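Each residue takes its place number in the sequence, starting with 1. The shown structure was predicted, so the numbers you read here are calculated from the model rather than taken from an experiment.
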Amino acid sequence: MFADDRASKALGIELIEAAEGHAVATMRITETMVNGHDIAHGGYVFLLADTTFACACNSHGPVTVASGAEISFVTAGKLGDHLIATATERTRYGRNGIYDVTVHRETPDGPEVVAEFRGRSRTIQKA
């Protein structure tokens, strides 16, 4: 799935790790990703988390899409930040699943959480 994800690749998102129910992806905040406050536009942070969620929930094989998602911004991303998103499957039931994604940046004092994302998935039949 990620191999054909033109939107994520255009933003420089890299899939670092993918396993059943788990994924890690990264993205660097560029000049075109900051808003009028000179911080990372939340939509880009959401997109990184959503891409990582998609990789984790599609790891089981069947085509799976988001049925909903929410994000809490903990701190602002900054120009040049190398963001790391880690998706973890919380549960799967029937054709549904719940996944948590933490987006963080590395600092000299260790990881600093930028956002927490929760995605809900639904397995579908490919048209």
Side-chain angles (χ1 to χ4, degrees):
M1 180 214 64
F2 185 76
D4 294 327
D5 186 343
R6 293 184 301 271
S8 296
K9 288 186 176 186
L11 294 174
I13 294 176
E14 295 181 36
L15 181 61
I16 304 301
E17 185 180 323
E20 198 165 289
H22 174 80
V24 178
T26 64
M27 178 181 77
R28 184 160 311 277
I29 300 298
T30 65
E31 287 183 359
T32 59
M33 296 177 180
V34 296
N35 62 23
H37 297 295
D38 205 29
I39 59 175
H41 189 292
Y44 290 107
V45 177
F46 186 97
L47 193 142
L48 171 62
D50 186 52
T51 294
T52 311
F53 157 59
C55 291
C57 70
N58 277 278
S59 65
H60 298 286
V63 174
T64 306
V65 297
S67 63
E70 62 185 48
I71 193 165
S72 295
F73 299 106
V74 177
T75 192
K78 301 172 188 167
L79 178 62
D81 276 353
H82 183 248
L83 300 181
I84 302 160
T86 303
T88 304
E89 182 178 279
R90 301 297 296 148
T91 190
R92 288 173 59 215
Y93 52 101
R95 293 174 34 211
N96 304 293
I98 299 173
Y99 293 77
D100 288 336
V101 182
T102 298
V103 178
H104 77 275
R105 66 172 158 246
E106 292 294 333
T107 72
D109 296 326
E112 181 178 17
V113 174
V114 173
E116 291 287 349
F117 171 105
R118 173 156 279 190
R120 296 175 304 283
S121 67
R122 179 80 170 175
T123 300
I124 61 170
Q125 290 186 350
K126 195 169 184 178

Surrounding CD of Glu14 (heavy atoms of other residues, nucleotides or ligands, distance under 6.0 Å), is the total greater than 12?
no
Reported [atom1]-to-[atom2] distance for the pair [X] and [Y], which is rounded to 0.5 angstrom:
X     : Y     : atom1 : atom2 : answer
Phe2  : Ile13 : CZ    : CD1   : 6.5 Å
Met27 : Ile29 : CE    : CD1   : 4.0 Å
Thr88 : Phe53 : OG1   : CZ    : 12.5 Å
Thr51 : Lys9  : OG1   : NZ    : 11.5 Å

Using the side chain to side chain contact (heavy atoms under 4.5 Å, CB included) rule, take Ser59 and His22 through it: C-alpha gap first, then chi angles, then the decisive distance, then the call.
CA-CA 8 Å; Ser59 65; His22 174 80; over 6 Å; no
Listed by chain and number, what are the side chain to side chain contact (heavy atoms under 4.5 Å, CB included) partners of His60, not counting sequence neighbours?
Glu20, Pro62, Glu89, Arg92, Tyr99
In sequence, state the C-alpha distance, the side-chain angles, and the governing distance for Thr64 and Ser121, and then conclude on side chain to side chain donor-acceptor pair (under 3.5 Å).
CA-CA 6 Å; Thr64 306; Ser121 67; 5.8 Å; no
Partners passing salt bridge (charged side-chain N to carboxylate O under 4.0 Å, His left out) against Arg122 (at least two apart in sequence or in another chain)
none
Start with the C-alpha gap between His104 and Val114, add the side-chain angles, then the distance that decides, and say whether side chain to side chain contact (heavy atoms under 4.5 Å, CB included) holds.
CA-CA 5 Å; His104 77 275; Val114 173; 5.5 Å; no
Enumerate the residue pairs fulfilling salt bridge (charged side-chain N to carboxylate O under 4.0 Å, His left out) with a member in residues 41-55, sequence neighbours excluded, ordered by first and then second residue.
none
Test of understanding: clusters of I, L, V, M, F, W, Y form through side-chain heavy atoms closer than 4.5 Å, transitively. Do Ile39 and Val45 belong to the same one?
no
Pairwise side-chain contact, Val103 with Phe117, heavy-atom cut-off 4.5 Å (strictly under):
no
Test Arg120 against Asn96 for side chain to side chain contact (heavy atoms under 4.5 Å, CB included), laying out the working first.
CA-CA 7 Å; Arg120 296 175 304 283; Asn96 304 293; over 6 Å; no
On a heavy-atom basis, the closest approach of Ala23 and Leu15 is CB-CD1, 4.3 Å
Apply the test side chain to side chain contact (heavy atoms under 4.5 Å, CB included) to residues Tyr93 and Ile98: give CA-CA distance (whole Å), side-chain angles for both, the deciding distance (0.1 Å), then the verdict.
CA-CA 9 Å; Tyr93 52 101; Ile98 299 173; 4.3 Å; yes
Write out all pairs satisfying side chain to side chain donor-acceptor pair (under 3.5 Å) with one or both partners inside residues 28-41, taking only residues at least two apart or from two chains.
Thr30-Thr32
If hydrophobic residues (ILVMFWY) are linked whenever their side-chain heavy atoms come closer than 4.5 Å, directly or via other members, who joins Ile16 in its cluster?
Val24, Ile84
Please tabulate, for the side chains in residues 69-82, all donor-acceptor contacts under 3.5 angstrom to protein atoms that are two or more places apart in sequence or on a different chain.
unit_1 : atom_1 : unit_2 : atom_2 : d
Asp81  : OD2    : Lys78  : N      : 2.8
Asp81  : OD2    : Arg105 : NH1    : 2.5

